[in-house]
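Working notes, beginning with the structure itself.
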Amino acid sequence: MRPPRHWLLKSEPEAFSFEDLWRAAKRTTSWGGVRNYQARNLLRDELARGDLVLFHHSSTEPIGVAGVARVVRAGYPDPTQFDARDAAHDPDSPHAAPRWFAVDVQALGRLPRFVPLAELRQEPRLGRMVLLRRGARLSVQPVTPSEWRIVLSMGGWRGRLPGS
DNA sequence: GCCAACGTTGGC
DNA sequence: GCCAACGTTGGC
C-alpha cells in the first residue's frame with residue numbers, strides 16, 4: 001500500500017459544508033457531481049482509500065480551509081450522472097462506460113482554527129500551492145506533504161498530524 | 001482542427 | 001455585482 005497522498009476538495013458551504021459532512025451518517029458522503037474532466041481523472045485514477053483531504057470552502061464568507069477528511073472509498077461511477085432529477089445529471093453519459101466518478105470521504109475533524117484564504121496567501125511556503133495560483137478553478141487539487149503539514153499547523157491541529 | 005462565442009467558476 | 005480566467009461548444 002502506497003503512503004497516503006494529500007488532496008484539497010472545494011465545496012460551496014451553502015450547498016455542502018464541512019459541518020454537513022461532520023453531521024452526516026458515519027461522517028461520510030459521496031463526493032460526486034464533479035463535471036470537469038481534469039478533476040474527474042483525479043477522482044477516477046488518483047484518489048485512493050486512506051488519502052487525506054483538506055476540506056475547503058469556496059464562494060462564501062469566509063473562504064478557506066475548514067477541516068480534514070479521509071478518502072474511504074476510491075473512485076466509482078458517480079450515480080448522480082444517471083439521475084434525471086439531479087442538477088448534475090448527464091444524459092449523454094453511457095451506462096456501460098460512465099463518464100463521471102465519485103469517491104467517498106469521511107470527516108476526520110474540524111480544524112481548531114479555520115484557515116482563511118487570505119492567510120494562506122500570506123504564507124510564503126505555500127507560494128506554489130495549486131489553490132493559490134491564478135485562475136485555479138479545479139475542484140479537486142493535489143497537495144504536497146509539506147503544504148499539508150503547513151496548513152494543518154496553521155489550523156492549530158493538535159497532536160500528531162494525520163499524514164505526516 | 002481552429003477559434004470565437006458562450007457559460008461557469010470563484011475571488012474580490 | 002463585477003469580471004478575469006478558464007473550459008466547452010459548435011460553426012466552418
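Letters A, B, ... mirror the listed sequences (proteins, then strands); counts begin at 1. What you see is a predicted model; the values in this text were computed from it and never measured.
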>> Using whole Å, what does the distance between atom C1' of nucleotide B:dT9 and atom CG of A:Leu138 come to?
In response: 12 Å
> Separation of A:Leu131 atom CG from B:dG11 atom P, in whole Å?
Replying inline: 7 Å
> Whole Å only: how far is the CH2 atom of A:Trp100 from the C1' atom of C:dG7?
Replying inline: 11 Å
> Base, sugar-phosphate, or nothing: which does A:Arg35 touch, judged by heavy atoms less than 4.0 Å apart?
Replying inline: nothing
> Using 4.0 Å as the upper bound for N to carboxylate O, is an ion pair formed by A:Asp78 and A:Arg44?
Replying inline: no
> Are A:Val71 and A:Leu8 connected in the hydrophobic side-chain network, where two residues link if heavy atoms are under 4.5 Å apart?
Replying inline: no
>> Given C:dT8, C:dG7, B:dG11, identify the nucleotide with an atom nearest to the side chain of A:Arg137.
In response: C:dG7
> Is A:Arg110 salt-bridged to A:Glu19, going by a charged N under 4.0 Å from an acidic O?
Replying inline: yes
> Does B:dC12 have OP1 or OP2 sitting under 4.0 Å from an N or O in the side chain of A:Arg121?
Replying inline: yes
> Just how far, in rounded Å, is P of B:dG11 from CD of A:Glu14?
Replying inline: 12 Å
> Can you tell me how far C1' of C:dT8 sits from CG of A:Asp90, to the nearest Å?
Replying inline: 13 Å
> Reckon A:Lys10 has a side-chain N or O less than 4.0 Å from the OP1 or OP2 of B:dT9?
Replying inline: no
